[in-house]
2 protein chains.
Amino acid sequence: MANLAPPIDMRNCGDCPIRHRAVCARCDSDELAHLEQMKYYRSFQAGQTVIWSGDRMDFVASVVTGIAKLTQTMEDGRRQMVGLLLPSDFVGRPGRQQAAYDVTAVNDVVMCCFRKKPFEELMVRTPHVAQRLLEMTLDELDAAREWMLLLGRKTAREKIASLLAIIARREATLKQRSLGVTVFDLPLTREEMSDYLGLTLETVSRQMSALKREGLIVLEGNRRVTVPDFNKLMDVTGDDSDGGMLS
Amino acid sequence: MANLAPPIDMRNCGDCPIRHRAVCARCDSDELAHLEQMKYYRSFQAGQTVIWSGDRMDFVASVVTGIAKLTQTMEDGRRQMVGLLLPSDFVGRPGRQQAAYDVTAVNDVVMCCFRKKPFEELMVRTPHVAQRLLEMTLDELDAAREWMLLLGRKTAREKIASLLAIIARREATLKQRSLGVTVFDLPLTREEMSDYLGLTLETVSRQMSALKREGLIVLEGNRRVTVPDFNKLMDVTGDDSDGGMLS
DNA sequence: TGTTCTGTTTGATCTGAATCAAGGAAACCC
DNA sequence: GGGTTTCCTTGATTCAGATCAAACAGAACA
């Protein structure tokens, strides 16, 4: 209901990653002008569905602000999150007809969109776009595989700690702060966390309480989390203990 | 111990996907000649490690024959398979220094390799290579996400059925047979299956026995599997029930 | 022809997370 | 300010799959 018009200051376009990261870095300005003309913005309210799995998808986009999730659902309702899209992440697959998963706005989201057909044509003309997208897709693949280890082999406790560590690290990077003490708001509800981690929301809640009881995290309300000692949290994740600093 | 020399009939090169799928389809013959000169073959014995996680990876490759697995291992030994490489699958990430996972030959494997540096240079000159790789990577990402649903939400029984269905379907496609009745040899040991599915090998064995008891599969020895009715097997996977016939 | 592997099956028991079931607490809304 | 809704926590119980333990089957080999 809330989209297709761009009430967005063009200056925001500076954050648009398709322009910035996929194209701008290496393309000449003619191509850039092309992209400029093609793009349009859409915004989505928290909870709104961007695309349903199986729908034909006639655009590609990148997240400008907000967070969106990719989910797969089984016939009986069991649900698994399979991707979390943060600002600058790319949505949609050039060369593919149908969406493979549901895409839903977690909070209010703005996306920078391009019609698929012309974008694909542009991709043929400007090799750097394909190369940049390949890079981004490889990163996503790495993340997905990390996630598979989590889903297949980690305990509930380790899963929660891993998720908190991921968010804390991202938050620290975003705000250019060190990882020593981190404070942030969880972008996900308990249920979304459970969909992410392959758990029930009760188990998520219990494990959060446990970590709180042990002083590994401090909770103000349900959402605001303080991690007093990042390394202690990392010890619980089961990951290699370099603190993840050598990304 | 067993590599770096090509005792392989050049005609096998017809199966080499880098040539065939990434390049050949759309590139002029000069580029092809380039690729021809660059490539070399390596073969690996069953169980041999192709690359260790963290090693610097100075080549990219594609599987010509055999099957290789990607695995991640936690400090305490818990292991999760995160990828299964079949003939024509691509190994390695242009633009990345280190290998992110262990790559191991499941059975005897031949790979068609290219030194990374010149391959990357070639990628810049020939846009279709990057585009083809992007397509392949997107496919892998889709597979990984399907796999995440399996790991996070499926029961042991559904996991086993899903794995068997995947292999049966691939086998049928390969031999151009219909899916009605399928016979094939499992390429994986019970332990490898458990690594794939996030289970213990005992549970894998038990569930295999259960499917056998119920007549959903017939086992000759441990490896040879007959699926008398593919649709009945699909009913157990928990997947949407189109029988997977639409791609 | 036994001997030793390696891979597999099966049984008994345990346990971590799911399920079932109440309540609490913050946000929203007349 | 009370009522509704949505989200979260906590407790009691159950159960699927892990763990521990033993035995079996086929292949390799001497």
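Every chain is numbered from 1 and lettered A, B, ... according to where its sequence line falls, protein lines coming before strand lines.
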Grab the CG-P distance between L199(A) and dA16(D) for me, whole Å please.
18 Å
In terms of the nearest nucleotide of DNA chain D, which residue is placed more toward the 5' end: G198(B) or E191(A)?
E191(A)
Please say which of E146(B), R157(B), K154(B) ends up in a side-chain hydrogen bond (donor to acceptor under 3.5 Å, both in side chains) with S162(B).
K154(B)
For residues 219-230 of chain B, which residue pairs pass the salt bridge (Lys or Arg N to Asp or Glu O under 4.0 Å) check, not counting sequence neighbours?
D185(B)-R224(B)
Tell me whether the guanidinium CZ or amine NZ of R42(A) lies under 6.0 angstrom from the six-membered ring centre of F59(A) and within 45° of its axis.
yes
How far does the helix from dT1(C)-dA30(D) to dC30(C)-dG1(D) bend, going by the axes of its first and last five pairs, to the nearest 10°?
30°
Please identify each residue that fulfils salt bridge (Lys or Arg N to Asp or Glu O under 4.0 Å) with E191(B), with sequence neighbours left out.
R79(B)
Of D195(A), D76(A), T73(A), the one forming a side chain to side chain contact (heavy atoms under 4.5 Å, CB included) with R153(B) is D195(A)
Check E140(A) with R145(B), please: is the shortest side-chain N to carboxylate O separation under 4.0 Å?
yes
Which is the 5'-most and which the 3'-most nucleotide of DNA chain C that has an atom under 4.0 Å from a heavy atom of chain A?
dA17(C) to dC20(C)
Residues touching DNA chain D, which here means a heavy atom under 4.0 Å, drawn from residues 202-222 of chain B
E202(B), T203(B), R206(B)
Apply side-chain contact (heavy atoms from CB on, under 4.5 Å) to A156(A) and list each qualifying residue two or more places apart in sequence or on a separate chain.
L199(A), T203(A), Q207(A)
Just wondering, do R78(A) and T155(B) contact through their side chains at under 4.5 Å, heavy atoms?
yes
Report the distance from atom CZ of R78(A) to atom P of dA16(D), rounded to the nearest whole Å.
13 Å
